[in-house]
Protein chains: 2
Amino acid sequence: MVTIYDIAKKANVSPMTVSRVINNSGNIRLTTREKVEKAIKELGYVPNSAARSLTSNQTKTLGLILTDISNPFFSKIARGAEDAAVEVGYRVLMSNTDEDSEKEINYIDMMLSARVDGVLIAPTSDKSLDQIKRLRDHNIPAVLIDRTIEGFMGDYVLGDSYEGSRKLVEHLIDYGHRNIALINGPSNVSTARERQRGYLETLKLNDLPVHENYISEIDFKSVQAGNTQSIVEQLMQLNEKKRPTAIFAANNFIAISVMKALKELGLHVPEDISVVCFDEVEPVVYFDPFFTVAAQPASELGRIGIQFLIERVEQKNVDQERKIILPPDIHIRKSTRRMK
Amino acid sequence: MVTIYDIAKKANVSPMTVSRVINNSGNIRLTTREKVEKAIKELGYVPNSAARSLTSNQTKTLGLILTDISNPFFSKIARGAEDAAVEVGYRVLMSNTDEDSEKEINYIDMMLSARVDGVLIAPTSDKSLDQIKRLRDHNIPAVLIDRTIEGFMGDYVLGDSYEGSRKLVEHLIDYGHRNIALINGPSNVSTARERQRGYLETLKLNDLPVHENYISEIDFKSVQAGNTQSIVEQLMQLNEKKRPTAIFAANNFIAISVMKALKELGLHVPEDISVVCFDEVEPVVYFDPFFTVAAQPASELGRIGIQFLIERVEQKNVDQERKIILPPDIHIRKSTRRMK
DNA sequence: TAATTTTATGTTACCGGTAACCGAAAGCGC
DNA sequence: GCGCTTTCGGTTACCGGTAACATAAAATTA
């Protein structure tokens, strides 16, 4: 591998001069610079980041810890994040926790040994706080994305789960629905809690009773989750007065498994029952917008998250904690219908 | 930041002993090992990969160069790749070229300076060969994924575009279609060429004429591509005898923009026209399988690609070039119908 | 018990850069 | 022509590990 020493020898200067040319630091005579640049080109030299980071104490690398990039919501976050990072000269290491705190721990280890300059993370649960503290102990700033965790002090970038939830339920009520079930994600994830809060408060504000068995909890991610089937069946078996006329699915994946379950029961959406959810259902939305959703600006979340992170890394605006909460866009489409 | 020197001091041994404990190399007395491990735990030491890679000449990091992880096909590849890499102790740096060779060059530079041990790449076009050569010059193995490029010598992992294409067209012909249009990706991408070859040969084998204006080329990625509209309009303006009764879209994104274009023309699928495409249209397929597609095992492609790459990195099986071509699954669904 | 081998640990140098310091050459004022 | 300031470039040491070699202590053998 070509090093600055090879360049130095070829250009007949000291390695330090080569370093100076590369980093545009210090005073270098034009003729010397040209000699060195010629040698660099001829030998195809590329600086060794590892060596550089050893003295500079920064790697120009950021860690991205998400639950699953094959989930369109997260892949958009990842894309926005990567774009923002590259624009200002950072690399991105990616990882997928699958909502599993064991995996999360391992990835944090990986990020630590890679000496990333910062981490953008969608924590698996409140227990993640310990892991983030571990980063802190090593002076690695972390910015939370999509989810908060109790006790975390620092920046975060979120979609407004509460507000989106309120508007979705408001819309259903507006359409004449009174029996609205919520199929939520796990309550140890903040977005699930917020969506439930929005759901409950909106019902209350509209003087609608809350039925205990209207609320259930499943995994946020498994599209083919078997338990959705039984949850939906139970809801549909309630007597006519109590049977929900609308289901609020806490995210797009849950919505899809709900659709599947309803289909198996021979029910049609929206004729027999309305369905709303969080997050866009891509890419069908482009030619056949079907779901009434609260669409979150995922790519924007990723972009802002990285911007915040880099500001922390580079010690700008260290004075305050910033909490950006981006409102979702409510798109009323064909999965909801007005009650007669 | 805690180093082995801090550990050494605390445990009252030499740094080398600490290194040996960490790497399980050499002979260490049990009591010494325990002393050192205690110190490591107490100080929360994590090895510095950069320093390590400086002597070992490997970073345990792989580069993943794809066109766009927010495209479900590539995000699945990325997921499969990341999983396979982590399983054997490698990290993954990700990047998105957007089919842009400029960006590709920059990312190759990034990978070079990061001294990744290997690169898994979906090249933007045949011109990418120069970039891959640049990696070679630095002794960094590259494995191609999804696409081949002319003149490349090495491993690659592909979906069988030719075979998938043949089967899709075969299916359309079987359903009685005679006028089949192809809306292809750019011909400087191998998958587009292969899909066109499959299309042409299948027509020929069935003694169907090829109309020049049945074949058009657009971008592989922009869902909202304006030019799809005009292409579809032109096809639909052909006189009744020549007007295509089926469109073969070269990938899922093109299919979606075709659907949109057809919709704007007031045409229904499959009543007025049939549509087939490459790649699954996720995640709707789980509750409402609509498109007749040639589904590629994306995650599997990523996984195998990384396996091949790591074997190259670790110098196993260096003797031969391996070319894995995974067959797509043809799913006949509702976007195609039998001609009367 | 002395010689020899094995085990356990330390010392030194190096990986590829860069910060900090230093000195020669060139420019400048008088 | 002499002293002073800039400009330009070199030397040295260090970042945090590890390979290679060296050596002390313990175990084995003669």
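Here the structure is a predicted model, which is why all the values come from computation and not from measurement. Below, chain A is the first sequence line, B the second, and so on; all start at residue 1.
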Task: Neighbour count >12 (heavy atoms, 6.0 Å) for atom NZ, Lys38(A) - done: no
TODO: Please indicate whether Lys9(A) has more than 12 foreign heavy atoms, meaning atoms of other residues, nucleotides or ligands, lying under 6.0 Å from its NZ.
DONE: no
TODO: Kindly calculate the angle separating the two end axes of the helix from dT1(C)-dA30(D) to dC30(C)-dG1(D), each obtained from five base pairs, and round it to 10 degrees.
DONE: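 Inter-axis angle at the ends, rounded: 40°.
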Among [options], which nucleotide has an atom closest to any side-chain atom of [X]?
X        : options                  : result
Asn27(A) : dC8(D), dT7(C), dC15(C)  : dC8(D)
Ile28(A) : dT7(C), dG17(D), dG9(D)  : dG9(D)
Ser19(B) : dG16(C), dA8(C), dT18(D) : dT18(D)

What is the distance, to the nearest angstrom, from the [atom1] atom on [X] to the [atom2] atom on [N]?
X        : N       : atom1 : atom2 : result
Asn24(A) : dA19(C) : CG    : P     : 13 Å
Leu30(A) : dG9(D)  : CG    : P     : 10 Å
Gln58(B) : dC15(C) : CD    : P     : 17 Å
Arg52(A) : dC14(D) : CZ    : C1'   : 17 Å
Met1(B)  : dC15(D) : CE    : C1'   : 13 Å
Ile40(B) : dG17(D) : CD1   : C1'   : 13 Å
Ile22(A) : dT18(C) : CD1   : P     : 6 Å
Leu43(A) : dG16(C) : CG    : C1'   : 15 Å

Open item on the list: Under the criterion salt bridge (Lys or Arg N to Asp or Glu O under 4.0 Å), I'd like the reasoning laid out for Glu87(B) against Arg303(B): C-alpha separation, chi angles, the key distance, then a yes or no.
Closed with: CA-CA 11 Å; Glu87(B) 273 168 27; Arg303(B) 175 169 285 280; 3.2 Å; yes
- [ ] Test for a donor-acceptor pair under 3.5 Å between the base of dG10(D) and the side chain of Arg20(A), counting only N and O atoms.
- [x] yes
Open item on the list: Does Arg322(A) qualify as a cation-pi partner of Phe308(A), given the criterion of NZ or CZ under 6.0 Å from the six-membered ring centre and within 45 degrees of its axis?
Closed with: yes
Decide whether [X] and [Y] meet the rule of one side-chain donor and one side-chain acceptor closer than 3.5 Å.
X         : Y         : answer
Asn188(B) : Arg147(B) : no
Thr124(A) : Glu99(A)  : no
Ser25(A)  : Asn23(A)  : no
Ser53(A)  : Ser49(A)  : no

Open item on the list: Any carboxylate oxygen within less than 4.0 angstrom of a Lys/Arg side-chain nitrogen, looking at Arg79(B) and Asp98(A)?
Closed with: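 Salt bridge present between Arg79(B) and Asp98(A).
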Open item on the list: Run Glu82(B) and Ser95(A) through side-chain hydrogen bond (donor to acceptor under 3.5 Å, both in side chains) and show every step you take.
Closed with: CA-CA 7 Å; Glu82(B) 207 271 330; Ser95(A) 60; 5.6 Å; no
Establish, with yes or no, whether the OP1 or OP2 oxygen of [N] is under 4.0 angstrom from a side-chain nitrogen or oxygen of [X].
X        : N       : value
Thr17(A) : dG10(D) : yes
Asn48(A) : dC15(C) : no
Ser53(B) : dC15(C) : no

Task: Whichever of Arg115(B) and Met16(B) has its nearest DNA chain C nucleotide further upstream toward 5' - done: Met16(B)
Open item on the list: Both Arg33(B) and Ala51(B) contact DNA chain C. Which one's nearest nucleotide lies toward the 5' end?
Closed with: Arg33(B)
Open item on the list: Near DNA chain C, counting only heavy atoms under 4.0 Å, which residues of residues 4-14 of chain A show up?
Closed with: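 Those residues whose heavy atoms fall under 4.0 Å from DNA chain C, taken from residues 4-14 of chain A in numerical order, are Ile4(A), Tyr5(A).
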TODO: Check every strand shown and say whether Asn57(A) touches a base, only sugar-phosphate, or nothing at a heavy-atom separation below 4.0 Å.
DONE: nothing
- [ ] Could you tell me whether Thr32(B) contacts a base, only the sugar-phosphate backbone, or nothing, with contacts defined as non-hydrogen atoms closer than 4.0 Å?
- [x]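 The answer is sugar-phosphate, as Thr32(B) gets under 4.0 Å only of primed atoms, P, OP1 or OP2.
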